[in-house]
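Computed from a prediction, not measured in an experiment: that's the story for all the values here.
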Amino acid sequence: MVGLLSAFMLEGIRQLKVHGLWYGALDLGEGGVAPVLQLGGLARVRRWVDALDRFDASGDYGVFAPLLIENGVESDKARWLERAAFYERTLNLPEALKQLRKLNAFLDRSELHGASRLFARTLKDRLAWSRRGSLAEHQKRLAWEHLGRSDYLRAVVFGWEALTTKECDQVGLPSVDYQIGRRLGAERLF
């Protein structure tokens, strides 16, 4: 266990990637021969737990992509998470939702392998919000999430976007047409 913790520490502090970890179980040996146990599975589980912590702190879906690729998911499918994170960070939530919905459909019809299989339900739960609801509801949810992370700029932007989208929906204007305010005059929206 000390060796395992040391490997985790080296990954975090020295930015190293531990590719294998074995334990010589001398206490289980008989006749001078002892088994050697591979502990790589524990390292992969720890990477998932770490990614979940980073996601909860930042909202960055991209942290899951390398883990899925490591467990056999095609890179173009795993990259949907990275693209969703990019679009969300650049405040283009409709495009982020498209990427997440493609990934949700893939997760619904595919079985994950390795450590990813252990965390499939947790990943689906973290992405469940993207399956239903209006754009304004998603923007409002993100505003509250960013407020909880003390990311005030994104909280304000997503809050404003939620109000604008809701108002556009109520008056029958397309909420993703970013030129509508210029064409109609912003005063007509509110």
Side-chain angles (χ1 to χ4, degrees), residues 8 11-13 15 46-70 73 75-108 112 115-116 119-190:
F8 297 159
E11 282 186 331
I13 294 173
Q15 304 299 312
R46 194 224 27 108
R47 285 189 191 110
W48 263 97
V49 170
D50 182 52
L52 288 166
D53 285 343
R54 287 184 290 143
F55 171 76
D56 290 342
S58 69
D60 180 2
Y61 311 105
V63 299
F64 301 117
L67 301 172
L68 291 171
I69 292 168
E70 183 179 294
V73 173
S75 63
D76 62 320
K77 291 173 176 50
R79 301 271 186 251
W80 289 330
L81 287 164
E82 292 174 342
R83 285 194 290 277
F86 169 78
Y87 286 128
E88 190 176 301
R89 278 191 308 271
T90 57
L91 308 174
N92 187 347
L93 193 54
E95 285 300 319
L97 285 166
K98 285 180 189 176
Q99 300 300 314
L100 292 175
R101 288 179 177 150
K102 287 193 282 189
L103 182 74
N104 283 329
F106 169 76
L107 292 174
D108 288 345
L112 298 179
S116 296
F119 292 93
R121 170 61 31 217
T122 304
L123 179 60
K124 287 179 182 181
D125 290 346
R126 295 291 202 288
L127 303 177
W129 68 270
S130 64
R131 293 178 180 268
R132 61 196 173 286
S134 69
L135 180 58
E137 290 168 341
H138 295 314
Q139 290 164 330
K140 180 180 174 183
R141 183 196 62 79
L142 282 173
W144 283 109
E145 279 188 18
H146 286 295
L147 185 63
R149 292 183 185 115
S150 298
D151 186 350
Y152 302 118
L153 181 60
R154 280 194 175 83
V156 168
V157 171
F158 277 118
W160 180 254
E161 289 284 324
L163 290 171
T164 304
T165 300
K166 184 177 178 183
E167 185 66 26
C168 285
D169 290 346
Q170 288 177 351
V171 297
L173 295 172
S175 59
V176 293
D177 183 350
Y178 300 111
Q179 301 299 317
I180 198 83
R182 188 174 302 148
R183 287 198 308 269
L184 297 177
E187 68 279 354
R188 285 193 54 199
L189 290 176
F190 300 104

NZ (Lys140) and CG (Leu163) are apart, to the nearest 0.5 Å, by 9.0 Å
Are any of the side-chain heavy atoms of Phe106 and Val73 separated by less than 4.5 Å? yes
For the student: nearest non-hydrogen atoms of Ala96 and Ala84, plus distance: CB-O, 3.5 Å
What closest approach, in Å, do Ala162 and Ala136 show between heavy atoms, and which atom pair accounts for it? CB-O, 3.6 Å
Give a yes or no on this: more than 12 heavy atoms of other residues, nucleotides or ligands lie within 6.0 Å of atom CZ of Phe86. no
Output yes when Lys98 and Glu95 qualify as a salt bridge under the 4.0 Å nitrogen-oxygen rule, no when they do not. yes
Atom pair CG (Leu81) and CG (Leu103), whose distance is rounded to the nearest 0.5 Å: 4.5 Å
Look at Asp108 together with Arg131 and state whether they make a salt bridge at an N to O cut-off of under 4.0 Å. yes
What I'd like to find out is whether the side chain of Leu123 reaches to under 4.5 Å of the side chain of Trp48, using heavy atoms alone. yes
Side-chain heavy-atom pair Pro94, Leu135 within 4.5 angstrom cut-off: yes
Do the non-hydrogen side-chain atoms of Tyr87 and Gln99 ever get within less than 4.5 Å of each other? yes
Using 30° and 60° as the class limits, which term best fits the ring planes of Phe64 and Phe55: parallel, tilted or perpendicular? tilted
Would you mind checking if Glu137 and Arg141 are paired as a salt bridge, meaning a charged N to carboxylate O distance below 4.0 Å? no
Do you know which two heavy atoms are closest between Lys124 and Leu107, and how far apart they sit? NZ-O, 3.4 Å
If you round to the nearest 0.5 Å, how far is OG1 of Thr165 from CD of Gln170? 11.0 Å
For the pair Asp50 and Arg47, find out whether any cationic side-chain nitrogen is under 4.0 Å from an anionic carboxylate oxygen. no
Using side chain to side chain contact (heavy atoms under 4.5 Å, CB included), reason through Phe119 and Val49 one step at a time and then give a plain yes or no. CA-CA 9 Å; Phe119 292 93; Val49 170; 4.0 Å; yes
If we ignore hydrogens and angles and just use 3.5 Å, is the side chain of Arg154 paired with the main-chain N or O of Ser150 as donor and acceptor? no
Kindly indicate whether the side chain of Arg126, heavy atoms from C-beta on, has any atom under 4.5 Å from the side chain of Asp56. yes
For a 4.5 angstrom cut-off between non-hydrogen side-chain atoms, does Leu93 reach Glu161? no
Quick one: pull up CH2 in Trp129 and CG in Asn104 and give me the separation to the nearest 0.5 Å. 9.5 Å
I'd like to check Trp80 versus Leu100 (side-chain heavy atoms, cut-off strictly below 4.5 Å). Are they in contact? no
Nearest heavy-atom contact between Ala78 and Ala65 is O-CB, 3.5 Å
Distance col, row Gln139:CD vs Lys166:NZ, nearest 0.5 angstrom, shows 12.0 Å
Flag the pair Phe158 / Leu147 as yes when at least one side-chain heavy-atom distance between them is below 4.5 Å, and no otherwise. no
Under 3.5 Å: donor-acceptor pair, side chain of Arg101, backbone of Ser130: yes
Working to the nearest 0.5 angstrom, can you tell me the gap between Glu88 CD and His138 NE2? 11.0 Å
Test your reading of the model: is there a side-chain donor-acceptor pair from His146 to the backbone of Gly159, 3.5 Å cut-off? no
